[in-house]
Amino acid sequence: MEDLAVELDSIKKTYRIAGTRKKKTAVADLSLSVPGGEIFGLLGPNGAGKTTTLKILLGLVYADSGSGTLLGRPLGDRSAHKSLGFLPEQPYFYTFLTAEKGLALYGKFFGMDKAELTKRSKYLLDLVGLAHDSHLTLDKFSKGMLQRFGIAQALLNDPDLVILDEPSSGLDPVGQKEVRDILLHVRDEGKTIFLSSHQLSEVENICNSVCIVSAGRSVTEGELADLLKVEGLTRIVLSGEVDTATGPLGFALNARAADGVTRFEVESGDTYRALEAARGMGLDLVSVEPYHRSLEDLFLETIKETAS
Amino acid sequence: MRNVLSIALNVVKDASRRKIFYVVFLFGLVVLAVSPLLPSFELGATAAFLKDISISLTSLFGVVLAVILAVTQIPGEIEKRTIYNILSKPVGRAQYLLGKYLGILVSLFGIMFVMSIEILILLGAKASMFSPVILQGVFAVFLEAAIISAFCLMLTTVTSIPVTAFAAILFYFLCHIKTGFLHQKLVTGTTGIVKVLAGGVYYAIPNLENFNISQQVAYGGGASATYMLRITGYAILFAAVFIVIGYAAFRRKDL
(Lines give C-alpha, C1' and ligand atoms only; values in the text may rest on other atoms or scores of the structure.)
Protein backbone atom coordinates (compact mmCIF):
# COMPACT_ATOMS: atom_id res chain seq x y z
CA MET A 1 0.00 0.00 0.00
CA GLU A 2 1.14 3.50 -0.83
CA ASP A 3 2.56 5.51 2.09
CA LEU A 4 0.27 8.38 2.92
CA ALA A 5 1.68 11.51 4.52
CA VAL A 6 -1.78 12.75 5.48
CA GLU A 7 -5.09 10.99 5.63
CA LEU A 8 -8.38 12.45 6.79
CA ASP A 9 -11.55 10.40 7.04
CA SER A 10 -15.00 11.99 7.45
CA ILE A 11 -13.74 14.95 9.46
CA LYS A 12 -16.42 17.23 10.86
CA LYS A 13 -16.02 20.45 12.78
CA THR A 14 -18.54 22.99 13.93
CA TYR A 15 -18.03 26.19 15.88
CA ARG A 16 -20.53 27.84 18.14
CA ILE A 17 -21.36 31.36 17.01
CA ALA A 18 -20.37 33.71 19.82
CA GLY A 19 -23.26 34.94 21.89
CA THR A 20 -25.75 32.48 20.41
CA ARG A 21 -26.63 28.80 20.63
CA LYS A 22 -26.27 28.44 16.88
CA LYS A 23 -23.44 26.47 15.34
CA LYS A 24 -21.56 27.12 12.15
CA THR A 25 -20.18 24.22 10.18
CA ALA A 26 -16.57 24.80 9.17
CA VAL A 27 -15.83 21.29 7.92
CA ALA A 28 -18.87 19.22 7.00
CA ASP A 29 -17.49 15.86 5.95
CA LEU A 30 -13.97 15.95 4.64
CA SER A 31 -11.91 13.01 3.54
CA LEU A 32 -8.63 13.27 1.69
CA SER A 33 -5.38 11.43 1.15
CA VAL A 34 -1.97 12.92 0.50
CA PRO A 35 0.62 10.51 -0.89
CA GLY A 36 4.18 10.88 0.40
CA GLY A 37 6.78 12.71 -1.71
CA GLU A 38 4.26 14.91 -3.51
CA ILE A 39 3.17 18.51 -3.52
CA PHE A 40 -0.50 18.54 -2.64
CA GLY A 41 -2.71 21.61 -2.99
CA LEU A 42 -5.79 22.27 -0.91
CA LEU A 43 -8.01 24.72 -2.75
CA GLY A 44 -11.33 26.32 -2.06
CA PRO A 45 -13.12 29.64 -1.83
CA ASN A 46 -13.02 31.72 1.35
CA GLY A 47 -14.89 29.98 4.14
CA ALA A 48 -14.60 26.56 2.52
CA GLY A 49 -12.87 25.11 5.58
CA LYS A 50 -9.24 25.11 4.41
CA THR A 51 -7.78 26.87 7.45
CA THR A 52 -9.83 24.76 9.87
CA THR A 53 -8.59 21.64 8.07
CA LEU A 54 -4.98 22.77 8.46
CA LYS A 55 -5.58 23.58 12.13
CA ILE A 56 -7.03 20.11 12.69
CA LEU A 57 -3.93 18.59 11.11
CA LEU A 58 -1.69 20.72 13.31
CA GLY A 59 -3.56 19.93 16.53
CA LEU A 60 -4.67 23.54 17.00
CA VAL A 61 -8.32 22.63 16.60
CA TYR A 62 -10.04 19.38 17.52
CA ALA A 63 -12.47 17.72 15.11
CA ASP A 64 -15.96 16.89 16.38
CA SER A 65 -15.83 13.54 14.64
CA GLY A 66 -13.85 11.61 12.06
CA SER A 67 -10.31 10.39 12.17
CA GLY A 68 -7.01 10.89 10.45
CA THR A 69 -3.31 10.29 10.42
CA LEU A 70 -0.30 12.53 10.06
CA LEU A 71 2.87 10.79 8.91
CA GLY A 72 1.30 7.50 9.87
CA ARG A 73 0.40 8.53 13.41
CA PRO A 74 -3.08 9.39 14.66
CA LEU A 75 -4.05 13.06 14.72
CA GLY A 76 -3.11 14.55 18.06
CA ASP A 77 0.02 12.42 18.47
CA ARG A 78 2.63 15.10 19.15
CA SER A 79 5.50 12.81 18.15
CA ALA A 80 4.47 13.26 14.50
CA HIS A 81 5.22 16.97 14.87
CA LYS A 82 8.95 16.25 15.16
CA SER A 83 8.93 15.61 11.42
CA LEU A 84 6.51 18.41 10.59
CA GLY A 85 7.16 21.93 9.34
CA PHE A 86 4.50 24.64 9.27
CA LEU A 87 4.22 28.07 7.70
CA PRO A 88 1.20 30.05 8.91
CA GLU A 89 -0.90 32.14 6.53
CA GLN A 90 0.38 35.41 7.93
CA PRO A 91 3.87 35.71 9.35
CA TYR A 92 3.08 35.46 13.06
CA PHE A 93 6.34 35.40 14.95
CA TYR A 94 7.92 36.94 18.04
CA THR A 95 8.95 40.21 16.47
CA PHE A 96 11.27 41.15 19.34
CA LEU A 97 13.62 38.32 18.32
CA THR A 98 16.19 38.50 15.54
CA ALA A 99 15.90 36.00 12.69
CA GLU A 100 18.77 34.00 14.22
CA LYS A 101 17.26 34.01 17.72
CA GLY A 102 13.84 33.14 16.33
CA LEU A 103 15.24 30.08 14.60
CA ALA A 104 17.17 29.22 17.77
CA LEU A 105 13.94 29.28 19.79
CA TYR A 106 12.06 27.08 17.34
CA GLY A 107 15.05 24.76 16.95
CA LYS A 108 15.07 24.03 20.67
CA PHE A 109 11.58 22.58 20.38
CA PHE A 110 12.97 19.99 17.98
CA GLY A 111 15.78 19.12 20.36
CA MET A 112 18.45 20.49 18.03
CA ASP A 113 21.84 21.12 19.61
CA LYS A 114 23.62 24.43 19.21
CA ALA A 115 26.09 23.33 16.50
CA GLU A 116 23.37 21.67 14.42
CA LEU A 117 21.10 24.66 14.87
CA THR A 118 23.76 27.17 13.87
CA LYS A 119 24.63 25.21 10.75
CA ARG A 120 21.03 24.65 9.71
CA SER A 121 20.00 28.27 10.43
CA LYS A 122 22.87 29.60 8.35
CA TYR A 123 21.95 27.31 5.46
CA LEU A 124 18.26 28.20 5.56
CA LEU A 125 18.70 31.95 5.98
CA ASP A 126 21.00 31.83 2.98
CA LEU A 127 18.47 29.71 1.06
CA VAL A 128 15.65 32.21 1.61
CA GLY A 129 17.88 35.23 0.97
CA LEU A 130 18.04 36.55 4.54
CA ALA A 131 21.69 35.80 5.31
CA HIS A 132 22.54 39.49 5.58
CA ASP A 133 19.52 40.34 7.73
CA SER A 134 19.85 37.58 10.32
CA HIS A 135 20.85 40.03 13.07
CA LEU A 136 17.79 42.26 12.57
CA THR A 137 14.79 41.91 14.84
CA LEU A 138 11.72 40.65 13.00
CA ASP A 139 9.81 43.88 13.61
CA LYS A 140 12.23 45.49 11.13
CA PHE A 141 11.33 42.94 8.44
CA SER A 142 9.00 43.67 5.53
CA LYS A 143 6.07 41.32 4.92
CA GLY A 144 8.01 39.54 2.20
CA MET A 145 11.04 39.10 4.48
CA LEU A 146 8.81 37.71 7.23
CA GLN A 147 7.36 35.24 4.74
CA ARG A 148 10.89 34.14 3.82
CA PHE A 149 11.74 33.78 7.50
CA GLY A 150 8.56 31.74 7.88
CA ILE A 151 9.70 29.36 5.17
CA ALA A 152 13.11 29.04 6.84
CA GLN A 153 11.57 28.14 10.20
CA ALA A 154 9.20 25.69 8.51
CA LEU A 155 12.19 23.82 7.09
CA LEU A 156 14.33 24.10 10.23
CA ASN A 157 13.93 20.49 11.37
CA ASP A 158 14.38 19.09 7.86
CA PRO A 159 10.75 17.89 8.03
CA ASP A 160 9.23 14.96 6.16
CA LEU A 161 6.00 16.91 5.77
CA VAL A 162 5.71 20.66 5.31
CA ILE A 163 2.33 22.32 5.71
CA LEU A 164 2.17 25.75 4.11
CA ASP A 165 -0.70 28.18 4.29
CA GLU A 166 -0.44 30.64 1.39
CA PRO A 167 3.34 30.33 0.96
CA SER A 168 3.61 33.12 -1.61
CA SER A 169 1.56 35.62 0.34
CA GLY A 170 3.25 39.02 0.41
CA LEU A 171 5.98 38.09 -2.05
CA ASP A 172 6.75 39.90 -5.30
CA PRO A 173 6.94 37.85 -8.53
CA VAL A 174 10.68 37.23 -8.07
CA GLY A 175 10.08 36.09 -4.50
CA GLN A 176 7.22 33.85 -5.64
CA LYS A 177 9.49 32.20 -8.18
CA GLU A 178 12.15 31.67 -5.52
CA VAL A 179 9.62 30.11 -3.15
CA ARG A 180 8.41 27.87 -5.95
CA ASP A 181 11.97 26.72 -6.62
CA ILE A 182 12.52 26.05 -2.90
CA LEU A 183 9.35 23.96 -2.72
CA LEU A 184 10.31 21.95 -5.78
CA HIS A 185 13.77 21.43 -4.28
CA VAL A 186 12.21 20.21 -1.04
CA ARG A 187 9.89 17.89 -3.00
CA ASP A 188 12.88 16.53 -4.94
CA GLU A 189 14.47 15.61 -1.61
CA GLY A 190 11.54 13.23 -1.09
CA LYS A 191 9.55 15.41 1.30
CA THR A 192 5.81 15.92 1.15
CA ILE A 193 4.36 19.40 0.84
CA PHE A 194 0.78 20.16 1.75
CA LEU A 195 -0.16 23.66 0.74
CA SER A 196 -3.26 25.73 0.90
CA SER A 197 -3.33 28.54 -1.61
CA HIS A 198 -5.55 30.95 -3.45
CA GLN A 199 -2.93 31.40 -6.16
CA LEU A 200 -4.19 28.89 -8.68
CA SER A 201 -1.34 29.47 -11.12
CA GLU A 202 1.14 28.65 -8.37
CA VAL A 203 -0.72 25.46 -7.51
CA GLU A 204 -0.99 24.51 -11.18
CA ASN A 205 2.75 25.00 -11.62
CA ILE A 206 3.97 22.92 -8.73
CA CYS A 207 1.30 20.57 -7.37
CA ASN A 208 1.07 16.91 -8.31
CA SER A 209 -2.40 16.54 -6.90
CA VAL A 210 -5.12 18.76 -5.50
CA CYS A 211 -8.27 18.67 -3.48
CA ILE A 212 -10.94 21.32 -4.01
CA VAL A 213 -13.12 21.90 -0.99
CA SER A 214 -16.37 23.78 -0.88
CA ALA A 215 -18.66 24.28 2.10
CA GLY A 216 -16.46 22.00 4.17
CA ARG A 217 -16.56 19.03 1.78
CA SER A 218 -14.12 17.63 -0.72
CA VAL A 219 -15.74 18.13 -4.11
CA THR A 220 -12.85 17.19 -6.39
CA GLU A 221 -9.68 15.34 -5.59
CA GLY A 222 -7.02 13.68 -7.67
CA GLU A 223 -3.88 14.02 -9.72
CA LEU A 224 -3.77 17.43 -11.35
CA ALA A 225 -2.88 16.10 -14.81
CA ASP A 226 -5.95 13.82 -14.78
CA LEU A 227 -8.25 16.54 -13.52
CA LEU A 228 -7.21 19.06 -16.19
CA LYS A 229 -7.30 16.63 -19.09
CA VAL A 230 -10.35 17.05 -21.38
CA GLU A 231 -10.62 14.55 -24.24
CA GLY A 232 -12.18 15.49 -27.59
CA LEU A 233 -12.56 19.27 -27.19
CA THR A 234 -11.00 22.09 -29.20
CA ARG A 235 -10.73 25.66 -27.99
CA ILE A 236 -11.27 28.42 -30.54
CA VAL A 237 -10.61 32.11 -30.04
CA LEU A 238 -12.11 34.64 -32.46
CA SER A 239 -11.50 38.33 -32.83
CA GLY A 240 -14.43 40.47 -31.71
CA GLU A 241 -17.10 40.03 -29.09
CA VAL A 242 -20.10 38.17 -30.50
CA ASP A 243 -23.17 36.46 -29.13
CA THR A 244 -22.89 32.77 -29.99
CA ALA A 245 -26.03 31.67 -28.23
CA THR A 246 -28.00 31.83 -31.44
CA GLY A 247 -27.00 31.68 -35.09
CA PRO A 248 -24.41 29.56 -36.84
CA LEU A 249 -22.24 29.19 -33.70
CA GLY A 250 -25.10 28.03 -31.53
CA PHE A 251 -23.40 24.68 -30.93
CA ALA A 252 -20.37 26.32 -29.26
CA LEU A 253 -19.70 25.24 -25.70
CA ASN A 254 -18.89 27.47 -22.77
CA ALA A 255 -18.69 30.63 -24.90
CA ARG A 256 -17.64 33.89 -23.30
CA ALA A 257 -16.88 37.24 -24.93
CA ALA A 258 -14.53 39.68 -23.24
CA ASP A 259 -11.50 41.87 -23.92
CA GLY A 260 -12.22 42.09 -27.65
CA VAL A 261 -12.25 38.32 -28.27
CA THR A 262 -14.73 35.46 -28.07
CA ARG A 263 -13.61 32.14 -26.62
CA PHE A 264 -15.48 28.88 -26.83
CA GLU A 265 -14.97 25.15 -27.06
CA VAL A 266 -16.42 22.71 -29.59
CA GLU A 267 -16.40 18.93 -29.95
CA SER A 268 -13.24 18.14 -31.94
CA GLY A 269 -15.38 16.78 -34.81
CA ASP A 270 -17.08 20.19 -35.09
CA THR A 271 -13.88 22.23 -35.41
CA TYR A 272 -14.10 22.81 -39.20
CA ARG A 273 -17.81 23.54 -38.92
CA ALA A 274 -17.09 26.21 -36.33
CA LEU A 275 -14.31 27.76 -38.39
CA GLU A 276 -16.60 27.89 -41.45
CA ALA A 277 -19.32 29.50 -39.37
CA ALA A 278 -16.89 32.08 -38.03
CA ARG A 279 -15.68 32.95 -41.52
CA GLY A 280 -19.29 33.26 -42.64
CA MET A 281 -19.86 35.76 -39.84
CA GLY A 282 -16.82 37.75 -40.94
CA LEU A 283 -14.84 37.01 -37.77
CA ASP A 284 -11.05 36.63 -37.79
CA LEU A 285 -9.48 33.59 -36.21
CA VAL A 286 -7.07 34.29 -33.34
CA SER A 287 -6.23 30.72 -32.30
CA VAL A 288 -7.36 27.13 -32.40
CA GLU A 289 -5.89 24.47 -30.11
CA PRO A 290 -6.69 21.23 -28.30
CA TYR A 291 -8.53 22.10 -25.12
CA HIS A 292 -6.86 21.70 -21.76
CA ARG A 293 -8.62 23.16 -18.82
CA SER A 294 -6.63 25.52 -16.64
CA LEU A 295 -6.83 24.94 -12.93
CA GLU A 296 -8.77 28.18 -12.77
CA ASP A 297 -11.37 26.72 -15.16
CA LEU A 298 -11.58 23.54 -13.15
CA PHE A 299 -11.84 25.47 -9.91
CA LEU A 300 -14.58 27.81 -11.14
CA GLU A 301 -16.54 25.00 -12.80
CA THR A 302 -16.33 22.87 -9.69
CA ILE A 303 -17.41 25.65 -7.35
CA LYS A 304 -20.22 26.65 -9.73
CA GLU A 305 -21.49 23.07 -9.95
CA THR A 306 -21.34 22.69 -6.20
CA ALA A 307 -23.23 25.92 -5.65
CA SER A 308 -25.95 24.88 -8.08
CA MET B 1 11.66 20.15 30.34
CA ARG B 2 13.67 21.80 27.60
CA ASN B 3 10.49 23.04 25.94
CA VAL B 4 9.22 24.45 29.25
CA LEU B 5 12.50 26.29 29.84
CA SER B 6 12.62 27.63 26.27
CA ILE B 7 9.09 29.03 26.58
CA ALA B 8 9.87 30.43 30.03
CA LEU B 9 13.01 32.15 28.78
CA ASN B 10 11.03 33.67 25.94
CA VAL B 11 8.49 35.06 28.42
CA VAL B 12 11.33 36.65 30.42
CA LYS B 13 12.81 38.17 27.25
CA ASP B 14 9.43 39.51 26.25
CA ALA B 15 8.80 40.92 29.73
CA SER B 16 12.21 42.56 29.90
CA ARG B 17 11.62 44.50 26.70
CA ARG B 18 8.28 45.75 27.97
CA LYS B 19 8.05 48.91 29.97
CA ILE B 20 7.07 46.87 33.01
CA PHE B 21 10.62 46.89 34.27
CA TYR B 22 10.71 50.66 34.28
CA VAL B 23 7.95 50.49 36.86
CA VAL B 24 10.46 48.89 39.21
CA PHE B 25 12.81 51.79 38.93
CA LEU B 26 9.92 54.19 39.20
CA PHE B 27 9.04 52.42 42.43
CA GLY B 28 12.51 53.09 43.79
CA LEU B 29 12.37 56.70 42.72
CA VAL B 30 8.97 57.21 44.36
CA VAL B 31 10.16 55.73 47.63
CA LEU B 32 13.34 57.76 47.54
CA ALA B 33 11.37 60.88 46.72
CA VAL B 34 8.96 60.53 49.62
CA SER B 35 11.47 59.35 52.21
CA PRO B 36 12.93 62.83 52.99
CA LEU B 37 9.42 63.86 53.98
CA LEU B 38 9.56 61.48 56.91
CA PRO B 39 10.35 63.29 60.17
CA SER B 40 13.45 61.60 61.55
CA PHE B 41 15.52 58.62 60.57
CA GLU B 42 17.32 58.43 63.84
CA LEU B 43 14.30 56.96 65.50
CA GLY B 44 13.89 53.22 65.15
CA ALA B 45 10.15 53.63 64.79
CA THR B 46 10.59 55.62 61.61
CA ALA B 47 12.92 53.01 60.12
CA ALA B 48 10.29 50.39 60.94
CA PHE B 49 7.66 52.53 59.27
CA LEU B 50 9.92 52.81 56.24
CA LYS B 51 10.23 49.00 56.11
CA ASP B 52 6.50 48.62 56.49
CA ILE B 53 5.68 51.07 53.71
CA SER B 54 8.34 49.54 51.44
CA ILE B 55 6.88 46.06 51.81
CA SER B 56 3.36 47.39 51.27
CA LEU B 57 4.43 49.21 48.11
CA THR B 58 6.26 46.10 46.89
CA SER B 59 3.09 44.12 47.48
CA LEU B 60 1.03 46.62 45.50
CA PHE B 61 3.50 46.67 42.59
CA GLY B 62 3.95 42.90 42.78
CA VAL B 63 0.24 42.23 42.45
CA VAL B 64 -0.16 44.72 39.60
CA LEU B 65 2.83 43.27 37.74
CA ALA B 66 1.64 39.71 38.32
CA VAL B 67 -1.75 40.55 36.81
CA ILE B 68 -0.25 42.47 33.87
CA LEU B 69 2.24 39.71 33.08
CA ALA B 70 -0.21 36.84 33.45
CA VAL B 71 -3.32 38.21 31.73
CA THR B 72 -1.51 39.08 28.53
CA GLN B 73 0.37 35.82 27.97
CA ILE B 74 -2.11 33.40 26.40
CA PRO B 75 -4.74 35.81 25.01
CA GLY B 76 -1.91 37.93 23.57
CA GLU B 77 -0.41 34.92 21.83
CA ILE B 78 -3.79 33.80 20.52
CA GLU B 79 -4.59 37.29 19.26
CA LYS B 80 -1.21 37.67 17.55
CA ARG B 81 -1.39 34.01 16.51
CA THR B 82 2.21 33.41 17.57
CA ILE B 83 0.83 30.44 19.50
CA TYR B 84 0.22 28.58 16.21
CA ASN B 85 3.89 28.40 15.48
CA ILE B 86 4.68 27.05 18.94
CA LEU B 87 1.94 24.44 19.32
CA SER B 88 2.39 23.15 15.76
CA LYS B 89 5.85 22.07 16.87
CA PRO B 90 6.44 19.11 19.22
CA VAL B 91 5.34 21.17 22.20
CA GLY B 92 2.53 19.91 24.42
CA ARG B 93 -0.07 22.27 25.77
CA ALA B 94 0.94 21.37 29.34
CA GLN B 95 4.54 22.31 28.51
CA TYR B 96 3.35 25.55 26.98
CA LEU B 97 1.28 26.49 30.02
CA LEU B 98 4.01 25.51 32.47
CA GLY B 99 6.61 27.41 30.44
CA LYS B 100 4.43 30.51 30.49
CA TYR B 101 3.93 30.24 34.23
CA LEU B 102 7.58 29.61 34.95
CA GLY B 103 8.50 32.61 32.79
CA ILE B 104 6.08 34.80 34.74
CA LEU B 105 7.55 33.58 38.04
CA VAL B 106 11.12 34.24 36.95
CA SER B 107 10.16 37.70 35.68
CA LEU B 108 8.37 38.52 38.95
CA PHE B 109 11.27 37.16 40.97
CA GLY B 110 13.73 39.33 39.02
CA ILE B 111 11.57 42.42 39.45
CA MET B 112 11.12 41.82 43.17
CA PHE B 113 14.79 41.10 43.66
CA VAL B 114 15.60 44.52 42.21
CA MET B 115 12.93 46.04 44.46
CA SER B 116 14.53 44.36 47.50
CA ILE B 117 17.92 45.78 46.60
CA GLU B 118 16.38 49.23 46.26
CA ILE B 119 14.78 48.93 49.70
CA LEU B 120 18.04 47.72 51.26
CA ILE B 121 19.94 50.64 49.72
CA LEU B 122 17.25 53.05 50.88
CA LEU B 123 17.38 51.73 54.43
CA GLY B 124 21.16 51.82 54.42
CA ALA B 125 21.25 55.38 53.08
CA LYS B 126 18.48 56.86 55.16
CA ALA B 127 18.58 54.87 58.38
CA SER B 128 22.14 53.48 58.33
CA MET B 129 20.57 50.09 58.69
CA PHE B 130 21.29 46.80 56.92
CA SER B 131 18.11 44.86 57.25
CA PRO B 132 18.17 41.55 55.32
CA VAL B 133 14.88 40.57 56.96
CA ILE B 134 13.30 42.76 54.31
CA LEU B 135 14.05 39.93 51.84
CA GLN B 136 11.71 37.72 53.83
CA GLY B 137 8.90 40.24 53.45
CA VAL B 138 9.50 40.59 49.72
CA PHE B 139 9.61 36.80 49.32
CA ALA B 140 6.19 36.56 50.96
CA VAL B 141 4.93 39.16 48.48
CA PHE B 142 6.43 37.07 45.67
CA LEU B 143 4.50 34.01 46.90
CA GLU B 144 1.30 36.04 46.89
CA ALA B 145 2.03 37.26 43.35
CA ALA B 146 2.72 33.65 42.31
CA ILE B 147 -0.81 32.64 43.38
CA ILE B 148 -2.42 35.63 41.69
CA SER B 149 -0.54 35.04 38.44
CA ALA B 150 -1.54 31.35 38.46
CA PHE B 151 -5.16 32.41 39.01
CA CYS B 152 -4.96 34.86 36.09
CA LEU B 153 -3.27 32.33 33.80
CA MET B 154 -6.02 29.83 34.61
CA LEU B 155 -8.74 32.34 33.75
CA THR B 156 -7.11 33.46 30.51
CA THR B 157 -7.47 29.94 29.13
CA VAL B 158 -11.22 30.48 29.04
CA THR B 159 -11.87 34.20 28.99
CA SER B 160 -10.62 37.56 27.78
CA ILE B 161 -8.01 39.95 29.18
CA PRO B 162 -10.47 42.54 30.61
CA VAL B 163 -12.61 39.89 32.30
CA THR B 164 -9.54 38.21 33.78
CA ALA B 165 -8.10 41.50 35.04
CA PHE B 166 -11.41 42.41 36.67
CA ALA B 167 -11.72 38.94 38.19
CA ALA B 168 -8.15 39.17 39.48
CA ILE B 169 -8.91 42.39 41.35
CA LEU B 170 -12.02 40.82 42.89
CA PHE B 171 -10.02 37.70 43.74
CA TYR B 172 -7.32 39.79 45.41
CA PHE B 173 -9.75 41.64 47.64
CA LEU B 174 -11.84 38.57 48.40
CA CYS B 175 -8.74 36.61 49.38
CA HIS B 176 -7.66 39.39 51.69
CA ILE B 177 -10.97 39.90 53.43
CA LYS B 178 -11.80 36.20 53.77
CA THR B 179 -10.34 35.99 57.25
CA GLY B 180 -12.68 38.73 58.33
CA PHE B 181 -16.03 38.74 56.62
CA LEU B 182 -16.19 35.12 55.42
CA HIS B 183 -14.91 33.65 58.65
CA GLN B 184 -17.43 35.66 60.57
CA LYS B 185 -20.25 34.37 58.33
CA LEU B 186 -18.91 30.84 58.66
CA VAL B 187 -18.96 31.01 62.44
CA THR B 188 -21.98 33.19 63.06
CA GLY B 189 -24.11 32.53 59.95
CA THR B 190 -27.71 32.18 60.98
CA THR B 191 -28.86 29.89 58.18
CA GLY B 192 -27.34 26.68 56.97
CA ILE B 193 -27.04 27.86 53.37
CA VAL B 194 -25.06 30.96 54.43
CA LYS B 195 -22.72 28.77 56.43
CA VAL B 196 -22.27 26.32 53.57
CA LEU B 197 -21.65 29.07 51.02
CA ALA B 198 -19.30 30.97 53.30
CA GLY B 199 -17.49 27.77 54.20
CA GLY B 200 -17.21 26.68 50.56
CA VAL B 201 -15.69 29.95 49.48
CA TYR B 202 -13.57 30.19 52.62
CA TYR B 203 -11.82 26.90 52.01
CA ALA B 204 -11.74 27.08 48.20
CA ILE B 205 -9.81 30.32 47.94
CA PRO B 206 -6.42 31.11 49.39
CA ASN B 207 -6.01 33.38 52.37
CA LEU B 208 -3.68 36.05 51.02
CA GLU B 209 -3.40 37.64 54.45
CA ASN B 210 -1.03 34.75 55.24
CA PHE B 211 1.52 36.48 53.02
CA ASN B 212 1.23 39.82 54.74
CA ILE B 213 4.16 39.71 57.14
CA SER B 214 5.05 43.38 56.90
CA GLN B 215 4.32 43.91 60.60
CA GLN B 216 6.69 41.12 61.67
CA VAL B 217 9.35 42.38 59.26
CA ALA B 218 8.98 46.03 60.21
CA TYR B 219 8.46 45.80 63.95
CA GLY B 220 9.90 42.40 64.87
CA GLY B 221 12.58 40.03 63.75
CA GLY B 222 10.55 38.64 60.87
CA ALA B 223 8.54 35.46 60.55
CA SER B 224 9.84 32.09 61.69
CA ALA B 225 11.41 29.65 59.23
CA THR B 226 8.55 27.24 59.90
CA TYR B 227 6.00 29.87 59.01
CA MET B 228 7.88 30.75 55.82
CA LEU B 229 8.00 27.08 54.82
CA ARG B 230 4.31 26.75 55.56
CA ILE B 231 3.27 29.69 53.39
CA THR B 232 5.62 28.52 50.63
CA GLY B 233 3.86 25.15 50.58
CA TYR B 234 0.50 26.92 50.76
CA ALA B 235 1.40 29.05 47.72
CA ILE B 236 2.67 26.03 45.76
CA LEU B 237 -0.53 24.12 46.52
CA PHE B 238 -2.89 26.86 45.32
CA ALA B 239 -0.74 27.77 42.31
CA ALA B 240 -0.65 24.09 41.30
CA VAL B 241 -4.43 23.77 41.64
CA PHE B 242 -4.99 26.85 39.46
CA ILE B 243 -2.52 25.68 36.82
CA VAL B 244 -4.06 22.20 36.70
CA ILE B 245 -7.56 23.68 36.29
CA GLY B 246 -6.18 26.00 33.61
CA TYR B 247 -4.64 23.06 31.78
CA ALA B 248 -7.91 21.12 31.91
CA ALA B 249 -9.60 24.03 30.14
CA PHE B 250 -6.73 24.67 27.72
CA ARG B 251 -6.03 21.03 26.80
CA ARG B 252 -8.77 20.77 24.16
CA LYS B 253 -9.32 24.46 23.49
CA ASP B 254 -9.74 25.36 19.81
CA LEU B 255 -7.20 27.99 18.81
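Applying side-chain contact (heavy atoms from CB on, under 4.5 Å) to B:F139 and the options B:L143, B:L135, B:V141 leaves one that passes, B:L143.
Looking at A:I56, neither its backbone nor its side chain comes within 4.5 Å of chain B, counting heavy atoms on both sides. Interface residue B:R81: backbone and side-chain heavy atoms are both found under 4.5 Å from chain A. If you measure heavy-atom distances from B:K89 to chain A, the contacts under 4.5 Å come from both the backbone and the side chain. Only the side chain of A:K55 comes within contact range of chain B, with at least one heavy atom under 4.5 Å from a heavy atom of that chain. Contact of B:K13 with chain A is made through backbone and side chain together, with heavy-atom distances under 4.5 Å. In this structure, chain A has a heavy atom under 4.5 Å from the side chain of B:L9, while its backbone stays farther away. For A:L84, the part lying under 4.5 angstrom from a heavy atom of chain B is the side chain only. The parts of A:Y106 that come within reach of chain B are both its backbone and its side chain, each placing non-hydrogen atoms under 4.5 angstrom from that chain.
A salt bridge between A:D158 and A:K191 is present, with a side-chain N of the basic residue lying under 4.0 Å from a carboxylate O of the acidic one.
Most heavy-atom pairs under 4.5 Å with chain B: of the set A:V61, A:I163, A:L105, A:T95, this distinction falls to A:V61.
By the 30° and 60° cut-offs, the orientation of the rings of A:F194 relative to A:F40 is tilted.
Between the side chain of B:T156 and the main chain of B:L153, a donor-acceptor pair closer than 3.5 Å is present.
The CD atom of A:E89 lies 10.0 Å from the OG atom of A:S197; values are rounded to the nearest 0.5 Å.
Judged purely by distance below 3.5 Å, without hydrogens or angles, the side chains of A:Y94 and B:E77 pair a donor atom with an acceptor atom.
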